[in-house]
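Below is one structure, written out as structure tokens, with a few remarks after it.
Chain identifiers are assigned alphabetically (A, B, ...) following the order of the sequence lines, protein sequences preceding nucleic acid strands; residue numbering begins at 1 within each chain. Please read all numbers here as calculations on a predicted model, not as lab measurements.
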2 protein chains.
Amino acid sequence: MKRARVTLADVAAMARVDRAVVSRVVNKDPTLNIRQETRERVLAAIEELGYRPNVAARSLRTSRAHMFGLFIPDFANPVYAEIIKGAESEAAAQGYVLVTGSATGAGLGEYMDRIGQGRIDGLLLAGTGEDADLAAQLDQAAIPWLMLNNRSQGVKRYVILDDQRAAALAVEHLVRLGHRRIAHLAGPSRADTAARRSAGYSAAMRDAGLPEGPITAAGYTPAGGAAAMARLLAEAPEGERPTAVFVANVASAIGAMEGVRAAGLEIPRDVSIVAVHDLDLAGYLNPALTTVRMPLAELGRRGVRLLGGLDPDATVAEVLTGPIELIHRRSTAPPPD
Amino acid sequence: MKRARVTLADVAAMARVDRAVVSRVVNKDPTLNIRQETRERVLAAIEELGYRPNVAARSLRTSRAHMFGLFIPDFANPVYAEIIKGAESEAAAQGYVLVTGSATGAGLGEYMDRIGQGRIDGLLLAGTGEDADLAAQLDQAAIPWLMLNNRSQGVKRYVILDDQRAAALAVEHLVRLGHRRIAHLAGPSRADTAARRSAGYSAAMRDAGLPEGPITAAGYTPAGGAAAMARLLAEAPEGERPTAVFVANVASAIGAMEGVRAAGLEIPRDVSIVAVHDLDLAGYLNPALTTVRMPLAELGRRGVRLLGGLDPDATVAEVLTGPIELIHRRSTAPPPD
DNA sequence: TTGTATGCGTTATCAC
DNA sequence: GTGATAACGCATACAA
């Protein structure tokens, strides 16, 4: 059954009122004074015909798309999955649709081209901080935008998590267990989150009166983590091998664990491992991975909430204070004697 | 700097031509005969003013949104991440935007409400097969739609993978290693993919002249896999314990591995494990997990490609023939003597 | 080779 | 209390 598209006019005709009335009923206009009986006729017609407002027309008229954009580097990264979930649910609560796009095979520029003009009312950027002229690119669009989870050089439009504290929590956990030679497997050198976690590591080591252990950088991937851990262990002089490693990211930690095993060492007997970001999966690794849980979904929610009432050239610099929590599992234990 | 919205009219004024000409230049109308000089004036004005077509207006006029929808149960499931990537890149290649929505805290019905009418030109449904009256819900929308990866009762509008063959590949691998007592950790009983993988398991066992081992169902999650594996091992009489398990999904396999360890057994010494769907991560588990790699991204691509030229009530029933491949890692080995 | 006219479906400002 | 009307920005058939 091929039902033709039904418009306001159809509903108006059936209810024997003007389109304007139908429109105001649909939008629950509070200034509308209408007889109960008439309203019911309208509602009945809407129901009967299965009328749904046309988004394009509405959007053209009101110049609001009721849609937010979210740009991420890669859907395969579970960290973004959490952010998306939070952003999506908050958007839904506001009656907005969230359209998430990834950099898969294209950059932000191409994404903006495809999105076009007038399709979204605001844009969230997660994990896209490297481009220096990011702001310039985005000012073209004349829509509110916000960086999520990381910042870009000289741009005051972001909401981030307290990565420094997360790192400190991890290091303090290791210190409490008795570790003194604590290495750091950092994130990619250009990533803002990586820098903040490294800063947290350094500060916590200083606070504990411990010298910084070796530091190696790697991408936020298992492969990167494995390679970096191999380097880290190979370069340490015998007897001065770190007894614990703070890994900047859970994905690289998974690789790092393999790196430890490849070196013929055992976790946590020889080396303890703790990483930032908790995943369901972490509890099922062998051994189960100790992590620091971050409020990623809350970050997504907060981003959308800010975007809603944001001036296109407002300045936002927020560190989200949410529950950051160490999840102690089997990959951390006291050091060998 | 708050640049006002620039429209066709602005460009036309600056280039001293009519809006119609600009429109046809923008859309590269091949029937347009235009002086080179004029075209350059138009292009220059577009560049100068930074003109971008308004999507809402265009969409209202042409009744095409240049946007496809993709609905999934959960962003955290890496299987969907692959599908999204494929779908997104194909959509991009066609000049379309892909808007992926998840069931997080709401069903398909609510999603369709939010999407509204006229926002998308087609809808892909991945992993959403349980609702019996799915088709009814969607016929309201009068847009082309397609189920991806799984089917719904009595609905002939899908493209799926050859899950049966994938299962057979896994089982044959185990048989070739010498296993004879091969159990099956199936997916959720209502899932179409689970049914097809189970069928593949049964067929392959029959072909090998082997009796089916114990079969247990579980959700596609680590927690589900762990619990199901515990049951499986607990219920097997001593001496008849399966020496290998074919797990329907990689996420549950990760849990299943933990289940094996919890029972005091070792992989692959006591029990071999093989699962459907390959992930980056699988190679970094302990031990590295043997998997069957499926062309998930290709599935997403194919879905979008079909959606493009699809009649709203066409019938589609396609099993995607793509490379299905066994990735042999450390979790499978010959059985104990 | 370029311009004119019309309508897509909606909302908002009036008028009655 | 309800109806008429004018945009919103664009694409396209047709006129010139």
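Along DNA chain D, the nucleotide nearest to Arg58(B) and the one nearest to Arg41(A) differ in position, and the one closer to the 5' end is contacted by Arg41(A). In terms of position on DNA chain C, the residue among Thr62(A) and Val17(B) whose nearest nucleotide sits closer to the 5' end is Val17(B). Taking for each of Ile34(B) and Arg19(B) the nucleotide of DNA chain C with the nearest heavy atom, the 5'-most of the two is the partner of Ile34(B).
Note: CD1 (Ile46(B)) to P (dC10(D)) measures 11 Å, nearest angstrom. Between the CG atom of Leu60(B) and the P atom of dG9(D) there is a distance of 12 Å, given to the nearest Å. Straight-line distance from the NE2 atom of His66(A) to the C1' atom of dT10(C): 13 Å, rounded to whole Å. Computed from coordinates, the Asn27(A) CG to dA12(C) P distance equals 7 Å when rounded to whole Å. Distance Arg52(B) CZ to dC10(D) P: 12 Å, rounded to the nearest Å. Between Asp29(A) atom CG and dG3(D) atom P the separation is 15 Å, expressed in whole Å. Atom pair Arg16(B):CZ and dG3(C):P shows a separation of 11 Å (rounding to whole Å applied). Here dA12(C) presents its C1' atom at 19 Å from NZ of Lys28(A), a figure rounded to the nearest Å.
Side-chain contact check for Arg64(A) and Tyr96(A): at least one donor-acceptor pair (N or O, by modelled atom type) lies under 3.5 Å. Side chains of Thr193(B) and Tyr220(B): a donor on one and an acceptor on the other come within 3.5 Å.
Between the Glu88(A) side chain and the Thr104(B) main chain, no donor and acceptor come within less than 3.5 Å of each other. The closest donor-acceptor contact from the side chain of Asp18(B) to the backbone of Val21(B) lies at 3.5 Å or more, if one exists at all.
Picking from dC8(C), dC10(D), dT2(C) the nucleotide with the shortest atom distance to the side chain of Leu32(B) gives dT2(C). Side-chain proximity of Val21(A) to dT10(C), dG9(C), dT2(D): nearest is dT2(D). Distances were taken from every side-chain heavy atom of Arg24(B) (C-beta onward) to each of dT12(D), dG3(D), dC10(D); the shortest belongs to dT12(D). Closest to the side chain of Thr38(B), out of dA5(C), dT2(C), dT10(C), is dT2(C). Comparing dG9(D), dG3(D), dT10(C) by their closest approach to the side chain of Ala20(A) singles out dG3(D). The side chain of Asp18(A) sits closest to dG3(D) out of dC10(D), dG3(C), dG3(D). With dG3(C), dT2(D), dC10(D) as the choices, the nucleotide that has an atom nearest any side-chain atom of Arg35(A) turns out to be dT2(D).
For Glu37(A) and Arg41(A), the salt-bridge test passes: some basic side-chain N is under 4.0 Å from an acidic carboxylate O. Between Arg302(B) and Glu298(B) there is no salt bridge, since no side-chain nitrogen of the basic residue lies less than 4.0 Å from a carboxylate oxygen of the acidic one.
Regarding contacts with the backbone of dG9(C), every side-chain N or O of Asn54(A) stays at 4.0 angstrom or more from both OP1 and OP2. When the side-chain nitrogen and oxygen atoms of Arg5(B) are compared with OP1 and OP2 of dG9(D), one or more of them lie within a distance under 4.0 Å.
In this structure, Ser23(B) reaches the bases: a heavy-atom distance under 4.0 Å links it to at least one base atom across the strands shown.
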